[in-house]
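Reading through the structure tokens given below for one structure.
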Amino acid sequence: MNNIIRKNPIVRIVIPFIIGIIIAYNFYFQVSLWLAAGSIALLLLILFNSSKTLVSSFKYRWLNGLLILVVWFFIGGAVLIIYNIPECKYENDITEKIYYGKIVNMPEDAKTFRKMEVKLQACKYSDTIQEQDEKVILYIPKDSLSDKLNYGDFIFFKTKLHLITNKGNPDEFDYATFMKRKQIWRSGFLYGDSWKASGRNEASIILKTAYKARNSLLSILKENGISGKEFAVVSALTLGYKAELDEPTKSAFVASGAMHIMAVSGLHVGIIQLILNYILFFFKRFKRGKLIKMLIIILCLWAYALITGLSPSVSRAALMFSFIQVGISLKRDISIFNIVAIAALVILLFNPNQLFEVGFQFSFLAVSGIIYLHNKIYKLLSFKYWILDKAWAITVASFAAQLSLGILSIYYFNQFPNYFLLSNLIIIPLTFLIITFTVGLFVFTFTVFSSIFAFILKYLAWFLIRFVSFIQELPFSQSTGIYLNIPEVIIWYSLIILIIALFVRKKAVYLLLAQSLLIVLLSKSFVSYVSVKDTAEITVFNLNKSIGIFVSNTNQSCLICDSVLANDSISRGFYFKKFLSHRNSYNSPVISISDTLRHGKNKNIFYKDVINSGSKNIMVLHDEHYKNKTGNKLQVDYMLITNNVNYSIDELLSLFKFEKLIIAADNTYLNINKWQKECKKKGIPFYNIRESGAFSCK
């Protein structure tokens, strides 16, 4: 590792640059203070290099290097702070306003709506027109009119724009911060005739041409009989078009450890570059053939990046392979680590927020891991036969990538594909063949060969889908419910680095340090497991149109949902996977609130609509079973009202005695407001989950 940093100057400056971004992101500093500190460091560097005595002295040589690192540290922080100015100064619209804006991306299709980014130009309110300079997210129902909207179109629309906020559920994805990094703070919904296209379009010619080209290529696939799941997989894998990928197919690719091939990135761009190098082999015969070949390949790589949507992953890959192609063409002894570092530096200088994107982290970690480890592991074995040698090379690359990404993948997704070595051994060659035959189909689409390419392509995609489904159905195909926090991620990566250092340098000190870290990890995991298991807890989640309640008590736990959510494992995974993994309760039984709660056999946790955590209990009022009941009042700690049940506060007070009313988020705004007003009038404490986030008691 030290040799890599010492021999690659760009790597040396990227590391403090990235650290500066991280520090500035996590701690607030005035940009003026940050720039002043950076200027002082730069001035000291200039003064140092102006002194012949200091520069020529071996004793003080380290000071020059230190000052360079400090300068780049402050450059990183300053770039982030400047990029994120101005901070959000927007508010929720109290009343509807009329806006005028431009669609700045290709609208994304979902099941019932289209999602698009719109750059606002103007706003009209109370006969006053104001200029706007804000990017927002709009959701428009899918219909014949919205389907005609394209990148570059200007639209008028009337809506209330609301600040993008999180639901306030524990361990949820921080969507608000994710959008803030994209300089987007507000969103709105458009219904019926609340919007109208202006008929004006000002799209970038390059992007507009790229989008049209992608649509034309998608049409070629359909016209040649590629349809259904095969079309969804081929279009996602080659063109980055994922609109037709269904959830079962996505789940199969995730479980097999092959979801990475669906994100057009380094693998795909590398294959395209390889194909182009073979196709353009004859250019070496010409005087300036290598230069022309280099320019053609770089142009084709960026054209491919544009056609696939110019996503951050494909942009990174195109930039990286462009540098590699230049080095190959100029016959320079290039360092791949320097190329990776240059690509990272260029991307982060333009958008430092990319550092916190999962795709950015995965991309550069995977590439760095493969570059550093591949040859070291590959040389351990040699094979006489070509096919065995290639299989070994793929296995080594897959292992190196997973060693680099595995811990980070668990941190973000709480799962790990156990058969990734087996799946990638088949999937990577299949991906190469599918991309190759897709390119062939596009090139020969107007010839008699198109039907041959289409036939082979269709069955390659069919086999790929069947293979990942087969891997998914194998016993123990993936480990799920694994939770790691940031300190554990750091310790795990430190342990991996020490093991690699032990493997490379064979020094006992690395073994001792690795053993110490392993003991720390095991101790921490044991303490966390015991503390979580001993915690009695009830958490009511903030879910739109659904109810979700987690309850744990005396080493037992369960998840109580409405009937729709109880039967939808994909949605449950989205809402609860990280939360349940954090509490070592991923495999907790799922209880349908309408079928089991009232007649549940486990009286320690739930019985007759009362959920018990040991120290606290909650009455769940989800139907009108208690209407007109008489007798003694049932006393509980909390009353949870859900499913828009028809009870007034007076009726609840006549039936139950409780400390606080909890209003679930699946109730309508009308009912929530009604109950809140009644509670305020009678002085009854209440908690509005839709407004305040998940309710939890321990």
Side-chain angles (χ1 to χ4, degrees), residues 167-172 247 251 414-415 480-481 483 532-627 634 636-645 647 656 658 660-667 687 689-690 693-698:
K167 294 287 186 181
N169 292 317
D171 295 308
E172 70 179 344
E247 290 301 329
S251 298
N414 309 109
Q415 60 189 31
T480 53
Y483 178 83
V532 168
K533 279 296 182 183
D534 287 344
T535 302
E537 175 184 6
I538 299 175
T539 298
V540 186
F541 287 81
N542 182 3
L543 307 176
N544 290 335
K545 300 179 181 179
S546 296
I547 187 72
I549 308 169
F550 172 77
V551 54
S552 65
N553 181 9
T554 60
N555 290 323
Q556 301 176 81
S557 63
C558 68
L559 187 64
I560 301 171
C561 307
D562 59 88
S563 56
V564 175
L565 194 56
N567 294 312
D568 187 351
S569 59
I570 293 173
S571 294
R572 287 203 313 275
F574 177 78
Y575 292 128
F576 308 122
K577 181 168 69 174
K578 198 172 191 72
F579 173 88
L580 294 175
S581 300
H582 190 181
R583 284 150 181 78
N584 298 311
S585 302
Y586 186 77
N587 295 316
S588 295
V590 179
I591 309 297
S592 174
I593 196 169
S594 57
D595 298 334
T596 315
L597 186 59
R598 182 166 295 130
H599 307 291
K601 296 179 181 179
N602 191 339
K603 296 184 180 181
N604 291 326
I605 295 183
F606 49 85
Y607 184 64
K608 291 186 177 180
D609 296 328
V610 177
I611 298 174
N612 178 34
S613 70
S615 59
K616 297 288 183 179
N617 56 46
I618 295 181
M619 176 77 186
V620 183
L621 207 60
H622 59 94
D623 59 22
E624 298 180 10
H625 174 76
Y626 295 94
K627 274 278 189 179
L634 178 61
V636 292
D637 295 308
Y638 304 106
M639 171 67 63
L640 174 64
I641 189 165
T642 179
N643 198 33
N644 290 299
V645 290
Y647 288 90
F656 308 102
F658 53 90
K660 181 181 287 187
L661 178 69
I662 314 300
I663 306 173
D666 66 331
N667 296 298
Y687 187 94
I689 289 178
R690 178 174 288 184
F695 175 81
S696 184
C697 62
K698 296 181 180 181

Distance, nearest 0.5 Å, that separates CZ of F579 from OG of S585: 8.0 Å

D666 side-chain N/O to T642 backbone N/O, donor-acceptor pair under 3.5 Å: no

Main-chain N/O of I618 paired with D637 side-chain donor or acceptor, under 3.5 Å: no

Any residue meeting salt bridge (Lys or Arg N to Asp or Glu O under 4.0 Å) with E247, in chain and number order, not counting sequence neighbours: K250

Value rounded to 0.5 Å, distance of CG in N587 from OG1 in T480: 5.5 Å

Check: Y687 ring centre within less than 6.0 Å of Y638 ring centre: no

Check: Y575 ring centroid to F541 ring centroid under 6.0 Å: no

Non-hydrogen atoms of A566 and R572 that approach each other most closely: O-NH1, 2.6 Å

Contact check, side chains of R690 and I663, non-hydrogen atoms, under 4.5 Å: no

Check: I689 and I662 side chains under 4.5 Å, non-hydrogen atoms: yes

S546 (side chain) donor-acceptor with L543 (main chain) under 3.5 angstrom: no

Test log, rule side-chain contact (heavy atoms from CB on, under 4.5 Å), inputs V620 and I560: CA-CA 11 Å; V620 183; I560 301 171; over 6 Å; no

Donor-acceptor side-chain pairing of S552 and S557 below 3.5 angstrom: no

Distance in Å, I611 CD1 paired with I549 CD1, rounded so as to fall on 0.5 Å steps: 4.0 Å

Over all atoms of both residues, closest heavy-atom pair of F576 and C561: CE1-SG, 4.3 Å

Over all atoms of both residues, closest heavy-atom pair of L621 and M639: CB-SD, 4.2 Å

Side-chain (N542) to main-chain (K167) donor-acceptor, under 3.5 angstrom: yes

Least distance between heavy atoms, N644 atom then N667 atom: N-OD1, 2.7 Å

Distance, nearest 0.5 Å, that separates NZ of K578 from CG of N169: 14.0 Å

Close side-chain approach of I547 to H622, heavy-atom, < 4.5 Å: no

Student check: side-chain heavy atoms of R583 and D171 closer than 4.5 Å: yes

Heavy-atom pair with the smallest gap, counting every atom of N617 and V610: CB-CG1, 3.9 Å

CZ-CE distance between F658 and M619, expressed to the nearest 0.5 angstrom: 11.0 Å

Side-chain touch L640/F695, heavy atoms, less than 4.5 angstrom: no

Atom pair NZ (K545) and CG (D562), whose distance is rounded to the nearest 0.5 Å: 12.5 Å

Any side-chain heavy-atom pair of N414 and Y586 under 4.5 Å: no

